2 protein chains.
Amino acid sequence: MGTVTDDKECSTFLVRHAWLSMRGVVAEALGEHGLSVAQFASLLILDEHPGASVADVARRVSTARQSANEMLGGLERAGLIERRPHPQDRRSQQIFLTGTGRGRLDAARPAVKAVEARLSEGFTPDELAVVNAWLSRMAAATAGTPEELPTL
Amino acid sequence: MGTVTDDKECSTFLVRHAWLSMRGVVAEALGEHGLSVAQFASLLILDEHPGASVADVARRVSTARQSANEMLGGLERAGLIERRPHPQDRRSQQIFLTGTGRGRLDAARPAVKAVEARLSEGFTPDELAVVNAWLSRMAAATAGTPEELPTL
DNA sequence: GCACGATCGTCAGGTACCTGTCAATAGTAC
DNA sequence: GTACTATTGACAGGTACCTGACGATCGTGC
């Protein structure tokens with residue numbers, strides 16, 4: 001009846017299909033490293049922002065504090081991260097990558113970069129820059145409330 | 001600490017942020033028309049493919065048959081679509097837009113196109129063509145299993 | 001000092017979505 | 001015809017995620 005996408009109408013749904021597809025590909029690559037896509041995203045953030053709080057992570061991955069906390073719990077049980085009480089702010093806790101966590105991340109990162117590079121094969125750097133600019137613009141367009149709504 | 005996105009690493013997560021953001025904007029526009037994003041997507045598909053089955057719709061929106069069926073139930077209760085038994089295939093049923101359904105869709109469509117146009121303001125047609133090509137490539141990269149995994 | 005709003009992590013509950021399965025039907029090979 | 005596989009729509013159950021609230025803490029203004 002047609003291919004995967006007949007989003008003649010809305011770029012929004014084309015972006016959704018792209019996300020779903022890329023998530024699938026990345027997940028497959030991450031599976032061999034024992035990581036989920038969400039876990040990988042969190043490890044990336046914690047690598048770049050050591051000592052971030054649960055709320056920080058939640059904001060950066062655009063998810064609810066609760067969800068982030070649950071998933072960080074998984075990472076903690078797996079020994080990939082550790083939580084320490086914040087020295088100044090007694091409400092929050094700082095989260096750090098453990099040695100094994102960093103190792104796992106450094107092992108997985110090249111795999112993800114590889115599949116992403118393979119996906120973008122054939123596009124020139126200029127074109128990719130345009131794509132990046134457009135996606136950034138879209139991501140910045142967040143309408144008022146950043147948190148709402150089901151998946152589709 | 002930074003803006004919404006520091007996805008220096010992975011275009012995958014940039015695409016996700018773009019999707020979440022666009023979904024929010026579109027949802028806001030659709031709210032005034034009493035439609036959810038998922039409902040709007042289904043109406044679009046049914047407009048373009050009248051008589052599609054539940055399984056057809058599910059495949060096109062990349063969701064489970066069950067989810068599609070539940071949501072179509074909502075649209076049916078709202079009187080926007082109607083299901084008829086398929087004349088040849090006694091397993092499946094054909095789904096059609098009702099008059100009110102088509103009216104609702106035709107009212108909502110311009111609103112969505114407007115917000116999407118506003119979002120892409122400032123990009124040249126050539127650039128948008130590149131973006132579209134890239135997104136299509138991504139969407140087509142679906143790894144083996146089309147169905148799996150949580151949201152993030 | 002005290003009061004006020006904002007934010008922290010967390011608990012309870014709900015919703016959206018998915019997987020797995022089923023009987024019924026269709027399509028094909030034999 | 002029968003046998004086998006694939007597909008349809010539906011049911012049951014589970015998981016991921018979210019919303020809404022809570023006490024505790026912070027920051028600021030008074």
Side-chain angles (χ1 to χ4, degrees), chain A residues 1 16-17 19-20 23-24 27 35-42 46 49 51-77 81-95 142 144-152, chain B residues 1 16-17 19-20 23-24 27 35-42 46 49 51-77 81-95 142 144-152:
Chain A
M1 254 202 186
R16 187 180 101 98
H17 284 310
W19 154 243
L20 290 177
R23 186 188 59 171
L35 286 176
S36 77
V37 179
Q39 290 174 331
F40 177 72
S42 300
L46 289 171
H49 303 275
S53 68
V54 176
D56 283 334
V57 175
R59 273 187 294 267
R60 287 181 192 282
V61 298
S62 295
T63 192
R65 286 197 306 267
Q66 170 99 1
S67 307
N69 198 19
E70 292 171 0
M71 198 207 34
L72 289 174
L75 287 176
E76 189 179 23
R77 276 189 299 277
I81 64 167
E82 65 176 344
R83 315 159 98 125
R84 305 179 204 156
H86 192 290
Q88 275 79 39
D89 191 335
R90 271 187 300 174
R91 296 173 299 178
S92 62
Q93 38 193 243
Q94 294 182 304
I95 310 176
T142 199
T145 330
E147 50 237 329
E148 27 178 321
L149 299 168
T151 307
L152 174 60
Chain B
M1 253 201 186
R16 187 180 100 99
H17 284 311
W19 154 242
L20 290 177
R23 187 188 59 170
L35 286 176
S36 75
V37 179
Q39 288 174 332
F40 177 72
S42 300
L46 289 172
H49 303 276
S53 68
V54 177
D56 284 333
V57 175
R59 273 186 294 266
R60 287 182 192 281
V61 298
S62 295
T63 191
R65 287 197 307 266
Q66 171 100 1
S67 308
N69 199 19
E70 290 171 0
M71 198 206 35
L72 289 175
L75 288 176
E76 189 179 23
R77 276 190 299 277
I81 63 166
E82 65 176 344
R83 315 159 98 124
R84 304 180 205 155
H86 192 291
Q88 275 80 39
D89 192 336
R90 273 188 299 175
R91 295 173 299 178
S92 61
Q93 40 194 240
Q94 293 182 307
I95 309 176
T142 201
T145 329
E147 52 236 326
E148 28 178 320
L149 298 167
T151 307
L152 176 56

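Since this is a predicted model, take the numbers as computed values, not measurements. Computed over heavy atoms, backbone and side chain alike; hydrogens, waters and symmetry mates excluded. Here is how names work: the chains are called A, B, and so on, in the same order as the sequence lines, proteins then strands, and each is numbered from 1.
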To the nearest 10 degrees, the angle between the two end axes of the helix from C:dG1-D:dC30 to C:dC30-D:dG1 (five pairs per end) comes to 30°
Within the structure provided, determine whether A:E76 and A:R83 are in side-chain contact (heavy-atom separation under 4.5 Å).
yes
Which whole-number value in Å describes the distance from B:Q88 CD to C:dA26 P?
10 Å
For B:A68 and B:A58, which heavy atoms make the closest approach, and how far apart are they?
CB-CB, 3.7 Å
Distance, rounded to the nearest Å, where A:L72 contributes CG and C:dC8 contributes C1'
14 Å
Can you find a side chain N or O atom of A:S67 that sits less than 4.0 Å from OP1 or OP2 on D:dC18?
yes
Test side chain to side chain donor-acceptor pair (under 3.5 Å) applied to B:S67 - qualifying residues, sequence neighbours left out
none
Taking all non-hydrogen atoms of both residues into account, name the closest pair between A:Q39 and A:M71 and its distance.
N-SD, 3.6 Å
Side-chain contact test, heavy atoms from C-beta onward, threshold under 4.5 Å: evaluate it for A:S53 versus A:Q93 and give yes or no.
no
Spacing of CG belonging to A:L75 relative to CD1 belonging to A:I81, to within rounding of 0.5 Å:
5.0 Å
Any side-chain heavy-atom pair of A:V57 and A:R65 under 4.5 Å:
no
Which one, C:dC17, D:dC26, C:dT25, comes nearest to the side chain of B:R90?
C:dT25
Nucleotide C:dG9, atom C1' - distance to NE2 of A:H86 in whole Å:
14 Å
For nucleotides 7-15 of chain D, give me one character per nucleotide, 5' to 3': B if any protein heavy atom sits under 4.0 Å from the base, S if the only such contacts are to the sugar-phosphate, - if neither.
BBBBBB---
Whole-Å distance, B:R16 CZ to D:dC17 C1', equals 11 Å
Contact check, side chains of B:L46 and B:L72, non-hydrogen atoms, under 4.5 Å:
yes
